[in-house]
2 protein chains.
Amino acid sequence: MESKLALSQLSALAQENRLAVFRLLVKAGRDGLPAGEIATALDVPPNTLSAQLNILSNAGLVEGNRQGRSIIYTANYDAISGLILFLMEDCCQGRAEVCSPIMAAAQSSCC
Amino acid sequence: MESKLALSQLSALAQENRLAVFRLLVKAGRDGLPAGEIATALDVPPNTLSAQLNILSNAGLVEGNRQGRSIIYTANYDAISGLILFLMEDCCQGRAEVCSPIMAAAQSSCC
DNA sequence: TCCATATTTCCACGATAATGGAAATATGGA
DNA sequence: TCCATATTTCCATTATCGTGGAAATATGGA
């Protein structure tokens with residue numbers, strides 16, 4: 001069941017705070033951000049944030065590595081592209097009407 | 001806040017039954033399926049399914065149209081490609097490592 | 001009009017998730 | 001060793017979600 005993973009990723013992202021955390025980490029890039037800075041940026045108490053990071057981490061969407069006293073979190077790009085592929089497979093199935101707008105947007109605005 | 005919509009779509013799909021409903025409707029294509037057939041296919045009581053269809057429908061992911069005594073549900077391809085684009089925008093941001101595998105897979109296996 | 005079919009709405013119960021206070025753990029420096 | 005900082009774990013409380021029985025609504029046909 002590889003859809004179990006996708007399910008946990010969808011539900012990890014299906015919450016305002018956690019989506020915001022993930023977006024922030026994507027923006028932050030390879031260097032990532034320490035938990036405390038994320039908490040400050042999003043104005044969430046540290047223990048609450050910790051629980052949310054844990055959910056994102058169990059879903060494989062972020063990764064935390066201790067560095068001195070801080071734990072630096074980074075977004076996992078493989079995980080998000082895997083999730084996107086999962087959704088596309090569900091939907092493309094011979095149907096260009098789903099894929100084409102995605103390809104078009106991807107080519108013009110991102111890659 | 002266009003992320004409000006994405007959030008509701010993520011949370012609509014973040015549940016086993018509803019993800020299964022959506023996948024089934026994508027497979028069913030433009031003709032869609034009557035609620036009763038979905039309930040039978042997934043072995044869910046009709047009222048439970050109705051609640052789930054309602055959530056998917058409020059998120060804009062499916063649409064129901066009465067046809068005689070049945071209500072025919074269809075997947076909304078625009079909605080799912082919108083959601084995929086939302087996730088890509090979050091993540092691509094100048095980062096080819098997310099986009100490229102998606103483009104590659106899309107070109108080879110789907111569109 | 002009356003009945004069967006298809007689906008939904010209403011409602012209540014149990015399960016799961018979100019939140020944050022307080023205490024615990026880990027690290028680095030004096 | 002002692003202290004400050006960074007983060008987590010534990011725990012309890014509240015909120016939200018999933019589920020399905022029972023009744024209601026809509027449609028089409030006899």
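Throughout, a chain's letter reflects where its sequence line sits, starting with A, and its residues are numbered from 1. For clarity, every value in this text was computed on a predicted model and none was experimentally measured.
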Heavy atoms under 4.0 Å is the rule here; annotate nucleotides 24-30 of chain D 5' to 3' with B where the base is hit, S where only the sugar-phosphate is, and - elsewhere.
-> --SBS--
Can I get a per-line list of side-chain donor-acceptor pairs under 3.5 Å for residues 17-40 of chain A, giving both atom names and the distance, sequence neighbours left out?
{"residue": "Arg18(A)", "atom": "NE", "partner": "Ala12(A)", "partner atom": "O", "Å": "2.7"}
{"residue": "Arg18(A)", "atom": "NH2", "partner": "Ser11(A)", "partner atom": "O", "Å": "3.0"}
{"residue": "Arg23(A)", "atom": "NE", "partner": "Asp90(B)", "partner atom": "OD1", "Å": "2.7"}
{"residue": "Arg23(A)", "atom": "NE", "partner": "Asp90(B)", "partner atom": "OD2", "Å": "3.0"}
{"residue": "Arg23(A)", "atom": "NH2", "partner": "Asp90(B)", "partner atom": "OD1", "Å": "2.9"}
{"residue": "Arg30(A)", "atom": "NH2", "partner": "Glu97(B)", "partner atom": "OE2", "Å": "2.8"}
{"residue": "Thr40(A)", "atom": "OG1", "partner": "Gly36(A)", "partner atom": "O", "Å": "2.9"}

Listed partners of Glu63(A) passing salt bridge (Lys or Arg N to Asp or Glu O under 4.0 Å), at least two apart |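 Residues passing salt bridge (Lys or Arg N to Asp or Glu O under 4.0 Å) with Glu63(A): none at all.
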Between [atom1] of [X] and [atom2] of [Y], what distance do you get to the nearest 0.5 Å?
X	Y	atom1	atom2	result
Ile72(A)	Arg66(A)	CD1	CZ	10.5 Å
Leu56(A)	Leu49(A)	CG	CG	9.0 Å
Lys4(B)	Gln9(B)	NZ	CD	13.0 Å
Ile71(B)	Ser50(B)	CD1	OG	8.0 Å
Gln15(B)	Leu7(A)	CD	CG	7.5 Å

Derivation and outcome, side chain to side chain contact (heavy atoms under 4.5 Å, CB included), residues Leu87(A) and Leu13(B) | CA-CA 10 Å; Leu87(A) 291 175; Leu13(B) 292 177; 4.3 Å; yes
[X] [atom1] to [N] [atom2]: how many Å, rounded?
X	N	atom1	atom2	answer
Leu13(A)	dA17(C)	CG	P	15 Å
Ile55(A)	dT16(C)	CD1	P	14 Å
Gln15(B)	dA17(C)	CD	C1'	14 Å
Leu7(A)	dA17(C)	CG	P	11 Å
Leu33(B)	dT7(C)	CG	P	11 Å
Leu19(B)	dG18(D)	CG	P	13 Å
Arg18(B)	dC17(D)	CZ	P	9 Å
Asn58(A)	dA18(C)	CG	P	13 Å

Contact class for Pro45(A) vs. all strands (heavy atom < 4.0 Å): base, sugar-phosphate, or nothing?
-> sugar-phosphate
Should stems be defined as at least three consecutive Watson-Crick or G-U pairs with both distances under 3.5 angstrom, which of them involve DNA chain D?
->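 Stems found: C:1-30 with D:1-30.
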For [X], check side chain to side chain contact (heavy atoms under 4.5 Å, CB included) against everything at least two apart and list the hits.
X	result
Pro45(B)	Asn47(B), Thr48(B)
Ala6(A)	Leu83(A), Phe86(A)
Ser8(B)	Leu5(B), Ala59(B)

Which of residues 47-54 of chain A have a heavy atom under 4.0 Å from DNA chain D?
->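 Within this stretch, Asn47(A), Ser50(A) sit under 4.0 Å of the strand.
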Measure from the side chain of Asn17(B), starting at C-beta and using heavy atoms only, and say which of dT8(C), dT19(D), dT19(C) lies closest.
->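 Selected nucleotide (nearest to the side chain): dT19(D).
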Quick one: is dT8(D) close enough that its OP1 or OP2 comes under 4.0 Å of any side-chain N or O from Tyr73(A)?
->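 For Tyr73(A), the contact criterion (side-chain N or O under 4.0 Å from OP1 or OP2 of dT8(D)) is met.
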